[in-house]
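Okay, structure first, notes after.
The figures here come from the full heavy-atom set of this structure, side chains too, leaving out hydrogens, waters and symmetry mates. Lettering of chains follows the sequences in order, A, B, ..., and the numbering in each one begins at 1.
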Protein chains: 2
Amino acid sequence: MQQPAPGRRAQQRQQRLAQILGAAEQIFATSGFEGASMAAIAAEAGLPKANLHYYFGTKEALYAALLEDLLRLWLSATDAIRPDSEPAAALEGYIRAKMAWSRSRPHASKLFANEVLRGAPLLAAHLSGGLRALVEEKAAVLRGWMAEGRMAVVEPRHLFFAIWAMTQTYADFDTQIRLVLDVPALGDREFDDGVATVLRLVLGGCFADSARQHG
Amino acid sequence: MQQPAPGRRAQQRQQRLAQILGAAEQIFATSGFEGASMAAIAAEAGLPKANLHYYFGTKEALYAALLEDLLRLWLSATDAIRPDSEPAAALEGYIRAKMAWSRSRPHASKLFANEVLRGAPLLAAHLSGGLRALVEEKAAVLRGWMAEGRMAVVEPRHLFFAIWAMTQTYADFDTQIRLVLDVPALGDREFDDGVATVLRLVLGGCFADSARQHG
DNA sequence: GTCTATAAAGGGATAGAC
DNA sequence: GTCTATCCCTTTATAGAC
């Protein structure tokens with residue numbers, strides 16, 4: 001029951017955990033749960049295989065730990081959407097945040113995509129629980145703005161689906177985008193174009209004349 | 001070199017092939033390449049495992065055959081986008097076609113998503129070849145419309161990325177959408193709302209005042 | 001806590017009878 | 001052409017030395 005201050009031992013433990021989680025995120029993201037092997041994760045982390053089992057027990061527990069972290073990020077990105085926000089600015093901030101996340105954490109996004117693609121066996125409870133509640137809450141905010149005539153009338157939950165899809169595609173489908181654009185990797189140029197396109201569609205669709213200011 | 005008319009033998013062969021391909025599409029879509037087992041595909045098809053190897057040789061060859069079929073669908077959906085088309089009608093037709101495809105062939109869409117997520121090892125050549133050429137061709141059509149002032153100026157290739165993402169999410173992320181909307185499965189209502197939302201964003205973003213006609 | 005060696009299970013693929 | 005039995009390899013997970 002004692003809670004010792006983090007000494008050298010605890011710090012090294014935290015470092016090992018982060019080391020394993022980072023390697024696991026990358027391997028799981030590009031190979032999926034079944035495709036990833038503990039050996040590949042161990043190699044990426046620079047540790048023997050048995051170490052992973054010492055820290056996390058099973059492959060599924062390690063995978064679940066990653067999804068847990070992930071959910072927190074997902075749920076925290078909508079903070080800017082509050083009843084007292086300016087509607088267009090709130091949506092623009094949300095889109096920019098989601099796009100920045102696709103750029104900074106592409107592996108996390110792919111991990112999430114892989115999990116949902118296979119039917120979300122480990123995430124179903126969170127999706128119908130925390131995420132659903134959050135979406136309902138934010139949808140209510142949007143409906144309020146619509147009732148006040150501050151934005152066009154659209155089904156707010158489907159608007160979220162559209163924003164998620166458009167922003168996450170720059171992480172999940174980066175391979176396709178890269179090959180179609182014929183660039184070695186997605187950089188400033190591609191993300192700027194992406195943000196501009198998503199902003200134009202969403203602001204143009206929700207606010208009509210507000211779209212012009214973004215090129 | 002002889003090309004016999006399809007007799008009973010050839011017909012049964014075609015039926016077996018279709019039987020296997022259908023089962024494989026479903027299993028690969030929900031489990032990914034590595035996650036799917038030949039045993040699971042055989043069980044789904046109602047055939048012994050060795051039959052699959054007789055017809056397709058290896059697991060990878062079976063998977064590649066599915067991707068081959070898939071590409072034809074992907075590349076044929078843009079037919080309505082031609083220089084002499086009416087811009088808004090052409091984009092609307094394309095969106096409706098893509099959305100209908102997400103509804104009728106969700107397994108195919110998921111299969112494609114799984115493949116791109118893992119870096120498109122078997123599809124890279126097609127993406128940077130046929131798909132890239134097609135996108136360049138259609139992007140040129142859109143640029144022509146923009147130059148004539150018939151639609152807003154957006155980066156046309158990113159507009160395609162956005163349309164692909166928004167429409168395919170109704171197949172690939174159906175689990176998430178289903179759980180957030182709290183419905184047992186996506187039906188008419190959900191797809192109608194989805195089409196309306198995507199149309200509003202794209203037409204609103206590209207044609208400003210044309211968005212109103214779609215609710 | 002860390003690592004080597006290995007057990008136990010499941011995978012793709014094939015041999016060979018029918 | 002079809003199916004059963006089996007080979008061989010990889011995988012997860014653990015035992016046990018250090």
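Note that CD of B/E115 is 9.5 Å distant from OG1 of A/T175, once rounded to the nearest 0.5 Å.
Using a 4.0 Å cut-off between charged side-chain N and carboxylate O, A/K110 and A/E25 make no salt bridge. Between A/R157 and A/E136, at least one side-chain N (NZ, or NE/NH1/NH2) sits under 4.0 Å from a carboxylate O, which counts as a salt bridge.
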**OP:** Output, in order, the C-alpha distance, side-chain angles, deciding distance and verdict of salt bridge (charged side-chain N to carboxylate O under 4.0 Å, His left out) for B/R105 and B/D69.
**Re:** CA-CA 12 Å; B/R105 298 290 303 275; B/D69 281 355; over 6 Å; no
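In this structure, A/K59 is positioned above the aromatic face of A/F33, its NZ or CZ under 6.0 Å from the six-membered ring centre and within 45° of the axis.
Taking the six-membered ring for Trp and the full ring otherwise, the centers of B/Y170 and A/H158 sit less than 6.0 Å from each other.
Where DNA chain D meets chain B (any atom under 4.0 Å from a heavy atom), the bounding nucleotides read 5' to 3' are D/dG1 to D/dT4.
B/A36 comes within 4.0 angstrom of sugar-phosphate atoms only, judged by non-hydrogen atoms across all strands, and of no base.
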Pairs of donor and acceptor atoms involving the side chains of residues 116-128 of chain A, under 3.5 Å and at least two apart or interchain, shall be tabulated with distances.
| residue | atom | partner | partner atom | Å |
| --- | --- | --- | --- | --- |
| A/R118 | NH2 | B/S31 | O | 3.3 |
| A/S128 | OG | A/A124 | O | 3.0 |

Got a list of side-chain donor-acceptor pairs under 3.5 Å for residues 42-57 of chain A, not counting sequence neighbours?
none

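With sequence neighbours excluded, no residue forms a side-chain hydrogen bond (donor to acceptor under 3.5 Å, both in side chains) with A/E137.
The stretch residues 41-55 of chain B touches DNA chain D through B/P48, B/A50, B/N51, B/Y54, B/Y55, each having a heavy atom under 4.0 angstrom from the strand. Contact check of residues 15-24 of chain A against DNA chain D (heavy atom, cut-off under 4.0 Å) returns no residues at all.
Heavy atoms only, all atoms of each residue included: B/A80 and B/A90 are closest at O-CB, 3.7 Å.
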